[in-house]
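Residue numbering restarts at 1 for every chain, and letters A, B, ... go by the order of the sequence lines. Because the structure is a prediction, the values reported are computed rather than measured.
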Amino acid sequence: MAKKTIIGSVKGTRDFYPERMAVRSWLYRTLKEVAEAFGYQEYEGPILETLDLYAAKSGEELVKEQAYVFEDRGGDLITLRPELTPTLARMIAQRQKQLHFPVRWWSFGPFWRYERPQKGRLREFFQWNVDMLGVDTPEADAEMMAIIAHFFRKVGLTPEMVQIRVNNRRLMDDHFQRLGIPAEARMAVSNWVDRRQKMSPADWEAYGRDIGLDAGQIHELVALLDDPNLWQESEELVRFFRAVEALGASEYVTYDAGIVRGLLYYTGTVFEAQEMAGEIRRAVLGGGRYDNLLADVGGEPLSGIGFAMGDVVITLVLEKYGLLPDRLQAHPAQVMVAVFAEDMLPHSLQLSSELRAAGLNVLMYPKAAKLGKQFKYANRLGIPVVALIGEDEAASHSVAVKNMTSGEQVVVPRAQAAEKICQFLA
RNA sequence: GUGGCUGUAGCUCAAUGGCAGAGCACUUGACUGUGGAUCAAGGGGUUGAGGGUUCGAGCCCCUUCAGCCACCCCA
């Protein structure tokens, strides 16, 4: 170990070295293309928000135990944003009178939650958010499926690898009411539904009785959860699936009465995407319809639908299937100008400038050194062409240009150097 | 917040309680105008940190920190 201890990074954060940054940038470019293909505009909010913004609606667990909360110098409680939707709601509410609805916006930025890091979960992560506000039709909900399907296809994820599971909270609430489950117990029941796959049947039933369900209610709820055609009772879901079909996204979407989602503010459609082999147990993305959020942050009532996808899990899934593109690590420099000797430095500086003026990405070796060392440097960095002005070239006003891929080297008049380099790059 | 596993060279990893090593990487040279291949030499370590047991600790014990994994929960 080094004698000096390097100061560590904050737990659960990542250092994006160039090779990792290349992956993040690729993901960003891909998301941008997908969102823009559907006419969505990019936006961003502040990283810091007041605790109040989340206190009402995001859910107790999220705010009390998972949010980064601290007091600023003025004594206000500040939160590192754990999600974007409340910020979006505020931004919309502030300009509600001047925006043209429906609004279609997307974003990709950092979020924090204070948890123990593990596979697929960190304390700082990036999230793609896509939302449409001002329409409350099932067809709008279906557009989210189309966006997600478009993204999956673009990165090579097939319906055999990932599926979006969809449910509707109104449908579930109607049944909860029919079964005599009081409104205040529905949150507990939703949590219970959510845990079904994670517990043994016996434990799960016992847990159900603990939250006040009787045997008859449990029996009926199990029948509901196992009914793949339950969606047909819901006019909303029937229209939703019809639209999903028309949008060509059906193969990625399935109905699942067990999907409830943890966030309090969802009121209608809810969904999450999962990796089908089950090796990556976390949701790839999740979202739903929120009818009351705008009013809750002080705006006029306005319905919205949206989803969020974290970079950590999607990267794991893409890695698993070998779908992260190669060649992401290509060095930006197309040509390196070597420095023959101390007194040749002006030639190298001028040549670099000339080549840049010709539109090339040029990296100059910053000082005179043994040529072997300089060529080795270019080779290690993967720079495809090296240009050099030695004494002979200086005398004849020419440039030696070497193709590092083929090994071919030619001497050309200085005015033709850029052209020759472009030939090598082609 | 609870539990398990792992910390040795830049990286991947060895080393019955008995001289801290290998491969790759790096530097230099063979090759005084040229990378990759080969050969040779070289630099690099408070074995995560602190304490304890022992004639002797990388190894055993305690504490602590970090990373990973699972639980909890999931935006």
Enumerate the protein-to-nucleotides 36-40 of chain B contacts in which both atoms are nitrogen or oxygen and the separation is below 3.5 Å.
from  : atom 1 : to       : atom 2 : distance (Å)
B:G36 : O4'    : A:Asn379 : ND2    : 3.3

Listed partners of A:Tyr28 passing side-chain hydrogen bond (donor to acceptor under 3.5 Å, both in side chains), at least two apart: A:Glu42
message: Please give the distance between the C1' atoms of B:U6 and B:C13 as a whole number of Å.
response: 13 Å
message: Over all strands shown, is A:Glu393 touching base, sugar-phosphate only, or nothing at heavy-atom distances under 4.0 angstrom?
response: base
statement: A correct dot-bracket answer for RNA chain B, with pairs being Watson-Crick or G-U at under 3.5 Å, [ ] for crossing pairs and | for inter-strand pairs, is (((((((..((((....[..)))).(((((.......))))).....(((((..]....))))))))))))....
query: Between A:Trp128 and A:Phe151, is the ring centre distance below 6.0 Å?
result: yes
Let me have the donor-acceptor pairs involving side chains of residues 252-264 of chain A, under 3.5 Å, with sequence neighbours excluded, atom names and distances please.
from     : atom 1 : to       : atom 2 : distance (Å)
A:Tyr252 : OH     : A:Leu157 : O      : 2.6
A:Thr254 : OG1    : A:Gln163 : OE1    : 3.1
A:Tyr255 : OH     : A:Asn167 : OD1    : 2.8
A:Asp256 : OD1    : A:Gly258 : N      : 2.7
A:Arg261 : NH1    : A:Glu272 : OE1    : 2.4

- request: With sequence neighbours excluded, tell me which residues meet side-chain contact (heavy atoms from CB on, under 4.5 Å) with A:Ala37.
  value: A:His150
- prompt: Counting only distance, no hydrogens or angles, is the base of B:U34 paired donor-acceptor with the side chain of A:Gln409 under 3.5 Å?
  reply: yes
- request: Give A:Arg261 one of three labels, base, sugar-phosphate or nothing, depending on what nucleic acid heavy atoms sit under 4.0 Å from its own.
  value: sugar-phosphate
- prompt: Quick check, are the ring centers of A:Phe240 and A:Phe271 under 6.0 angstrom apart?
  reply: no
Expected list for residues 201-211 of chain A: side-chain donor-acceptor pairs under 3.5 angstrom, two or more places apart:
from     : atom 1 : to       : atom 2 : distance (Å)
A:Asp203 : OD2    : A:Ser200 : OG     : 3.2
A:Trp204 : NE1    : A:Trp192 : O      : 2.7

message: At 4.0 Å (heavy atoms only), tell me whether A:Leu388 reaches a base, stays on the sugar-phosphate, or touches nothing.
response: base
task: Only counting residues at least two apart or in another chain, list the ones meeting side-chain hydrogen bond (donor to acceptor under 3.5 Å, both in side chains) with A:Glu49.
output: A:Thr87, A:Arg90
- line: In numerical order, the residues of residues 114-129 of chain A whose heavy atoms come under 4.0 Å of RNA chain B are A:Glu115, A:Arg116, A:Gln118, A:Lys119, A:Arg121, A:Gln127
- request: For A:Gly286, answer base if it contacts any base atom (sugar-phosphate contacts may also be present), sugar-phosphate if it contacts only those atoms, and nothing otherwise; contact means non-hydrogen atoms under 4.0 Å.
  value: nothing
statement: Across all chains, not counting sequence neighbours, the side-chain hydrogen bond (donor to acceptor under 3.5 Å, both in side chains) partners of A:Tyr68 are none
Atom pairs and distances, side-chain donor-acceptor, residues 419-426 of chain A, under 3.5 Å, sequence neighbours left out:
from     : atom 1 : to       : atom 2 : distance (Å)
A:Lys420 : NZ     : A:Gln423 : OE1    : 3.0

Residues which pass side-chain contact (heavy atoms from CB on, under 4.5 Å) with A:Leu363, listed by chain and number, not counting sequence neighbours: A:His331, A:Ala333, A:Met336, A:Tyr377, A:Leu381, A:Ile383
- request: Not counting sequence neighbours, which residues clear salt bridge (Lys or Arg N to Asp or Glu O under 4.0 Å) with A:Glu319? List them please.
  value: none
